[in-house]
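Each remark here refers to the structure printed beneath this line.
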Amino acid sequence: MKNKTLPIFKAIVTDFLFWFYVVGCGRYLVYQWFEVHLNFNYHIAVSLFLTLLFFIIGDSIGKKFFVGSKKLNGKWYFHFWGLFIVLGLIVTFVVGWNVVEVKPVKFFTKFINAKNIVSGILDPNFDIFIPMLSALAETIFLALLATFFAIPFAFVLSFFAARNLMPKTILGNTVYIVIRTIATFFRSVEAVVWAIIFSVWVGIGPFAGMLALMIHSVAALTKLYSEQIENIDSGQIEAIKATGANQLQVWIYAVIPQIISPYLAFTIYRWDINVRMATIVGFVGGGGIGLALLQQQQLLRWHNVGLIIWLIAATVWIMDMFSAKIRNKLLKTQ
Amino acid sequence: MKEILSIKGLHKIYNGGTHALKGINLSVNEGEFLILLGLSGSGKSTLLRCINRLIEPSSGEISFAGKNVIRAKGTELRHIRRRIGMIFQQFNLIKNLSVLTNVLTGRLGYISFSQSLFLGANQEDKEKALKNLKRVGLLEFQKKKVMNLSGGQQQRVAIARALMQEPNLILADEPVASLDPATADSVMKYLGDLNKNDNITVICSLHFLSLARKYGTRVIALKDGKIVFDGKPAEIDEKKFKEIYGEEAEEVEIR
């Protein structure tokens, strides 16, 4: 006899959350369309009522996925749970449409508003080519330094974030999990957010942008590097261990030779990404071409904006092409 | 005859629950060329890897040259390992490094960490490496990258690497299973030569009875983690062969 309380509990919670969401969506739409504000107590009460009603009837989403029974099998459209899922999707779409303020008519009739920027792109102002080139150089150097400074940190961390290298002890597992979690967290915070933090910290300018990209790169490279380590040939590690080598010697002679080319490839790829991100980071105070773009846009100098857009596009295109070529070469010699 | 390796009541149960070795008792004398026979999954690889603790045994006793292998830790374990050379089916050389550097990695157990950063700086080791490369007939390949070598050549580099350890014992885990028959025999010849002329004890797992008869001085057969035969190569007749490999098996001849 298996424990049946937990699945039933899970099912009820799932059903309640589902109804709470659906009723909430309904409440939002009623407010949007009829400007009638419904009391929150009704919201709870109706959700609870629907949860219990369909739980007693015995056909609900929670029952289907956590408790399950023969009665609930078969085609989805013969069951309440299937219809409820469709209902959930429909209200999500309708509410989404309202929240995002989708207005297709505007898209097709108000093109005239974009006239300025389009004419700027079609007729860029080459007089500012040289100063903008130096702003672009700032961005590229910023990305390069961010990548460069990220390498040693990511390199060391990646060894501790590789499952196959960490000993299967409590300490080894803890280190592995802590480093992986921190890396995931730092990566999930966008570089733009880091740039805002650092532009407050060290002041607006390329240094703040570099720090933002560096943090992000350390996290991303740690993940990429450590996955590379996890894919290495364990036979070579065995062979070096068998010679009586210590752990450090095993890393130097069995691990590093296997990862050096892919590491380089990933690093170049990262630089490529950093150049792209550096322009965005410039927008929020990271300096470089991004900052110039923002300034020119705010001054409504659309022909200057046009030139900057062309410069960014050309740089990204060239970086992309070269980094792909170099990466292919490096990975082929594997 | 001096005993070099003694195994008593060795068990290995993997985390998944597989009982790979079920009470192995084995005594190997110095100078023997011991062949391990048995189907894939019979426990040959596990047994070989338990001897130098690349795999941790679950229970039992192993002693090598009078030293307790099971209890050894850290430096002591590494000092045991450096006297035991190992050769693998997939060669397990460091593919991006040169032949000479690969051979020199055989010295890692003897040198300090700082020395190991400059492999080949030590003249004595380098001469030893060149001598061993010459012995396996690959002197002119010393600067080549390992990945540009053929399978047979790679296995000979692996033998040279094992020789750098100045081993008393060489464990060979199906050293010729990835090679064509002619190359297989030439690799076995090198192992036979080390056994005869350098008095290095060899434990070698194989699938070919003909090679076992040609090079082995003693044969052990494993089946489901137990020793089912222990004797001279010549004692394996068709009946014994079928006991080891099952009724369906036919002996395949390789020369």
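The analysis underlying the following values was restricted to heavy atoms, covering all of them including side chains, and did not include hydrogens, waters or symmetry mates. Chain letters run A, B, ... following the sequence lines, proteins first and then strands; every chain starts at 1.
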| request: Return the minimal non-hydrogen interatomic distance between B:Ser112 and A:Gln249, and the atom names on each side. | output: O-NE2, 3.8 Å

| request: Counting only heavy atoms closer than 4.5 Å, note whether B:Ile80 contacts chain A via side chain, backbone, both or neither. | output: neither

| request: Below 4.5 Å from any heavy atom of chain A, which atoms of B:Ile111 appear? Answer side chain, backbone, both or neither. | output: both

| task | Show your working on side-chain contact (heavy atoms from CB on, under 4.5 Å) between A:Gln236 and B:Lys95 and close with a plain yes or no. | result | CA-CA 9 Å; A:Gln236 297 181 33; B:Lys95 293 191 181 61; 3.5 Å; yes

| task | Please say whether more than 12 non-hydrogen atoms of neighbouring residues, nucleotides or ligands are located less than 6.0 Å from CZ in A:Phe159. | result | yes

| query | Can you tell me if OH on A:Tyr269 sees more than 12 non-hydrogen neighbours from other groups inside 6.0 Å? | reply | no

| said: As an exercise, state the distance from OH of A:Tyr253 to OG1 of B:Thr101, rounded to the nearest 0.5 Å. | reply: 7.0 Å

| request: Please look at B:Thr75 and chain A and tell me whether the side chain, the backbone, both or neither of the residue comes under 4.5 angstrom of a heavy atom of that chain. | output: neither

| field | When B:Arg82, B:Gln90, B:Met164 are compared by non-hydrogen pairs under 4.5 Å with chain A, the top option | value | B:Arg82

| said: Can you confirm whether A:Phe153 is buried at CZ, in the sense that more than 12 heavy atoms of other residues, nucleotides or ligands lie under 6.0 Å from that atom? | reply: no

| task | Below 4.5 Å from any heavy atom of chain A, which atoms of B:Leu171 appear? Answer side chain, backbone, both or neither. | result | neither

| field | Spacing of B:Leu93 atom CG and A:Asp233 atom CG [to the nearest 0.5 Å] | value | 10.5 Å

| A:Ile260 side, atom CD1; B:Asn96 side, atom CG - distance, nearest 0.5 Å | 9.5 Å

| Please walk me through it: do B:Leu54 and A:Lys241 pass side-chain contact (heavy atoms from CB on, under 4.5 Å)? | CA-CA 8 Å; B:Leu54 285 182; A:Lys241 256 192 199 166; 3.7 Å; yes

| query | If you take all heavy atoms of A:Ala239 and B:Arg161, which pair is closest and at what distance? | reply | CB-NH2, 3.3 Å

| remark: Highest number of heavy-atom pairs under 4.5 Å with chain A among B:Ile84, B:Leu97, B:Asn52 belongs to B:Leu97

| Within 6.0 Å of CD in B:Glu56, more than 12 heavy atoms from elsewhere | yes

| field | B:Phe113 CZ: over 12 foreign heavy atoms closer than 6.0 Å | value | yes

| field | Segment of B:Arg83 engaging chain A (4.5 angstrom heavy-atom cut-off) | value | neither

| Given B:Arg81 and A:Thr243, is the side-chain contact (heavy atoms from CB on, under 4.5 Å) satisfied, shown in steps? | CA-CA 6 Å; B:Arg81 276 182 184 158; A:Thr243 66; over 6 Å; no

| message | Quick check on A:Phe141: does its CZ atom have over 12 non-hydrogen neighbours (other residues, nucleotides or ligands) under 6.0 Å away? | response | no

| task | Measure A:Asn246 against the heavy atoms of chain B and call it side chain, backbone, both or neither at under 4.5 Å. | result | both

| Non-hydrogen atoms of B:Phe88 and A:Glu238 that approach each other most closely | CE2-OE1, 3.7 Å

| Which region of B:Ile94, side chain (C-beta onward) or backbone (N, CA, C, O), has a non-hydrogen atom less than 4.5 Å from a non-hydrogen atom of chain A, or is it both or neither? | both

| If you look at every heavy atom in B:Met86 and A:Ala242, which pair is closest and at what distance? | CB-CB, 3.9 Å

